Amino acid sequence: MVAKGDMVYAWSTDADILKKGELGGAVTTLQKYALESGMVDAVLAVKKGQDLYDAVPVLITDPAELADTAGSLHCGTLLVTRFIKKYLDGAKNMKIGVTVKGCDMMALLELAKRGAVNLDNILTIGLNCGGSVSAVSAREMIADKFEVDPDAVHKEEIDKGQFIIEYGDEHKGISIDDLEEEGYGRRSNCRRCKYKIPRQADLACGNWGVIGPKAGTVTFIEVCSEKGADLLTKAVAAGALATEAPIPKGIEIRGKVENAMFKLGDKWRKNDFAALSKDLWGTIQKETSRCIKCYSCVENCPVCFTVADELKGESRMITSGEIPPNPMFHLRRFAHISDTCVNCGQCEELCPMDIPLALFSHAIRAESDVAYEPKLGEASYNNK
Ligand code: FAD
Ligand code: SF4
Ligand code: SF4
């Protein structure tokens with residue numbers, strides 16, 4: 001019997017999931033148990049598409065298919081939870097289990113505030129997240145820095161501060177700090193992100209804090225809600241999952257890693273925002289002069305969708321047949337999201353003109369409350 005606040009090491013008792021899972025397959029097993037036991041009607045997860053740089057969302061109703069979703073895709077930059085609003089009627093008529101990174105969780109909470117999803121019907125299994133790497137950048141990085149053909153890579157992982165690839169019978173790792181100094185590595189919004197352990201999900205799962213004989217083979221789970229406690233208790237009682245108490249030193253190390261990630265986030269914020277502070281408005285005008293008015297940034301934002309029609313409609317800012325739009329279009333969008341942007345990076349990631357939109361909105365958001373500082377272990381998703 002586990003309760004909210006408990007922490008455990010966990011791993012699957014299903015041999016297939018244990019093998020395919022990133023760190024023992026606890027997440028996949030919990031989703032599978034939730035589906036089999038009728039706690040949820042479907043599971044929304046991510047699986048490999050064309051190759052390991054291609055992460056695609058899948059909705060699963062047959063528990064036998066869940067093993068295909070096991071494993072972490074670090075080039076999966078998608079915002080899983082927005083599909084709940086877009087294609088699943090906001091979980092208003094079905095119960096959904098979903099695996100969430102911090103930004104997925106923050107987006108879900110913003111969607112719920114706007115009445116676009118029903119949180120009561122959603123079971124969230126959170127993943128600790130050090131960051132994700134854009135697929136295009138990952139391929140360039142592997143070719144240029146690792147000097148390996150990206151198509152020859154059959155596995156990637158992030159471990160002990162290194163981005164590691166496996167190809168043929170070989171493997172190679174390079175420090176993420178070194179890669180990022182040279183413009184590769186995690187997306188820029190991920191470098192600035194400080195929501196590392198998603199404690200607003202029902203469970204928060206990751207490898208930080210797993211030490212001793214089980215290091216690298218099991219997942220550390222922090223129980224963050226009664227719903228999460230219920231799922232974990234039942235999955236263990238049914239024999240689907242094995243658990244043991246975490247090593248106390250591991251809990252201490254986990255706290256230190258989280259703290260170190262906060263400091264790293266601060267370092268990148270200072271770096272990125274300082275470059276902008278001299279002339280934010282001038283930089284926005286210059287960069288957005290490439291805008292082709294495709295509206296991907298509006299369509300894919302988990303926050304500004306409520307004013308999408310207003311932003312896109314014919315006005316002094318938008319004239320049919322003309323590009324770029326008046327820069328006020330962008331300023332108006334930034335104003336709309338200035339106090340709720342979750343720094344998920346979707347606007348920037350999906351902009352066909354590579355305009356650093358997330359950087360601008362994050363800088364504006366952070367500026368709006370410089371006093372805010374997340375505390376270690378804090379449940380808040382506020383990502384200023
Ligand atoms: P599995 O049973 O293998 O299940 C993995 C689940 O993750 C599946 O549901 C799958 O659909 C989902 N998934 C895979 N890729 C993505 C994606 N890109 N976006 C959303 N869902 C996805 N843990 C840490 O402690 N520190 C970290 O720095 C860290 N960084 C991570 C970065 C990313 C991008 C991801 C996806 C995970 C990260 N994790 C991190 C979590 C860790 O890698 C494991 O996912 C976790 O320990 C669970 O392992 P498991 O074997 O129980 O999961
Ligand atoms: Fe992970 Fe944060 Fe990047 Fe989302 S924004 S992928 S939670 S580091
Ligand atoms: Fe313009 Fe980029 Fe937004 Fe498209 S996604 S409207 S090109 S800023």
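Predicted model only: the values in this text are computed from it and were never measured.
Residue pairs that meet the ring-ring contact (aromatic ring centres under 6.0 Å, His included) test with at least one member in residues 106-144, sequence neighbours left out, do not exist here. Among residue pairs with one or both ends in residues 28-45, those qualifying as salt bridge (charged side-chain N to carboxylate O under 4.0 Å, His left out) are D14-K32, K32-E36; sequence neighbours excluded. The list of salt bridge (charged side-chain N to carboxylate O under 4.0 Å, His left out) pairs with a residue in residues 284-306, not counting sequence neighbours, reads E287-R290, E299-K312. Under the salt bridge (charged side-chain N to carboxylate O under 4.0 Å, His left out) criterion, no residue pair touches residues 60-72, with sequence neighbours excluded. Residue pairs that meet the salt bridge (charged side-chain N to carboxylate O under 4.0 Å, His left out) test with at least one member in residues 125-152, sequence neighbours left out, are D51-R139, R139-D151, K145-E182. Sorted by first then second residue, the ring-ring contact (aromatic ring centres under 6.0 Å, His included) pairs that include residues 107-163, not counting sequence neighbours, number zero.
Rounding to the nearest 0.5 angstrom, the gap separating the CG atom in L30 from the CE atom in M39 is 9.5 Å. Note: L52 CG to S72 OG = 12.5 Å, rounded to the nearest 0.5 Å. Rounding to the nearest 0.5 Å gives a distance of 7.0 Å between OG of S132 and CG of N189.
Under the 3.5 Å distance criterion, the side-chain polar atoms of R186 are matched with a main-chain donor or acceptor of G130. The backbone N or O of T124 sits less than 3.5 Å from a side-chain atom of D202, completing a donor-acceptor pair.
F334 meets the ring pair (Phe, Tyr, Trp, His ring centres under 6.0 Å) test with no other residue; sequence neighbours excluded. Residues forming a ring pair (Phe, Tyr, Trp, His ring centres under 6.0 Å) with Y167 (at least two apart in sequence, or on another chain): none. The salt bridge (charged side-chain N to carboxylate O under 4.0 Å, His left out) search around D354 returns none, not counting sequence neighbours. Partners of T29 according to the side-chain hydrogen bond (donor to acceptor under 3.5 Å, both in side chains) rule, which considers only residues two or more places apart in sequence or in another chain, are S12. Residues passing the salt bridge (charged side-chain N to carboxylate O under 4.0 Å, His left out) test with R254 are E222, sequence neighbours excluded.
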Name each donor-acceptor pair under 3.5 Å that joins a side chain in residues 203-219 to protein atoms two or more places apart or in another chain, with its distance.
unit_1, atom_1, unit_2, atom_2, d
T217, OG1, K214, O, 2.8
T219, OG1, L23, O, 3.1

Verdict with supporting geometry, L111 and I84, side chain to side chain contact (heavy atoms under 4.5 Å, CB included): CA-CA 10 Å; L111 289 166; I84 299 179; over 6 Å; no

Dump the intermediate steps for side chain to side chain donor-acceptor pair (under 3.5 Å) on T77 and E349, then the final yes or no. CA-CA 8 Å; T77 54; E349 178 75 11; 2.9 Å; yes

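Between D104 and K101 there is a salt bridge, since at least one side-chain N of the basic residue sits less than 4.0 Å from a carboxylate O of the acidic one. In this structure, K270 does not pair ionically with D266, as no charged nitrogen and carboxylate oxygen lie closer than 4.0 Å.
No more than 12 heavy atoms of other residues, nucleotides or ligands lie within 6.0 Å of NZ in K19, so this atom counts as exposed by the packing criterion. The number of heavy atoms from other shown groups lying within 6.0 Å of NZ (K4) does not exceed 12.
Closest non-hydrogen pair, Y184 versus S137, comes out as CD2-O, 4.2 Å. Contact detail for I96 and V40: the closest heavy-atom pair is C-CG1, 3.8 Å.
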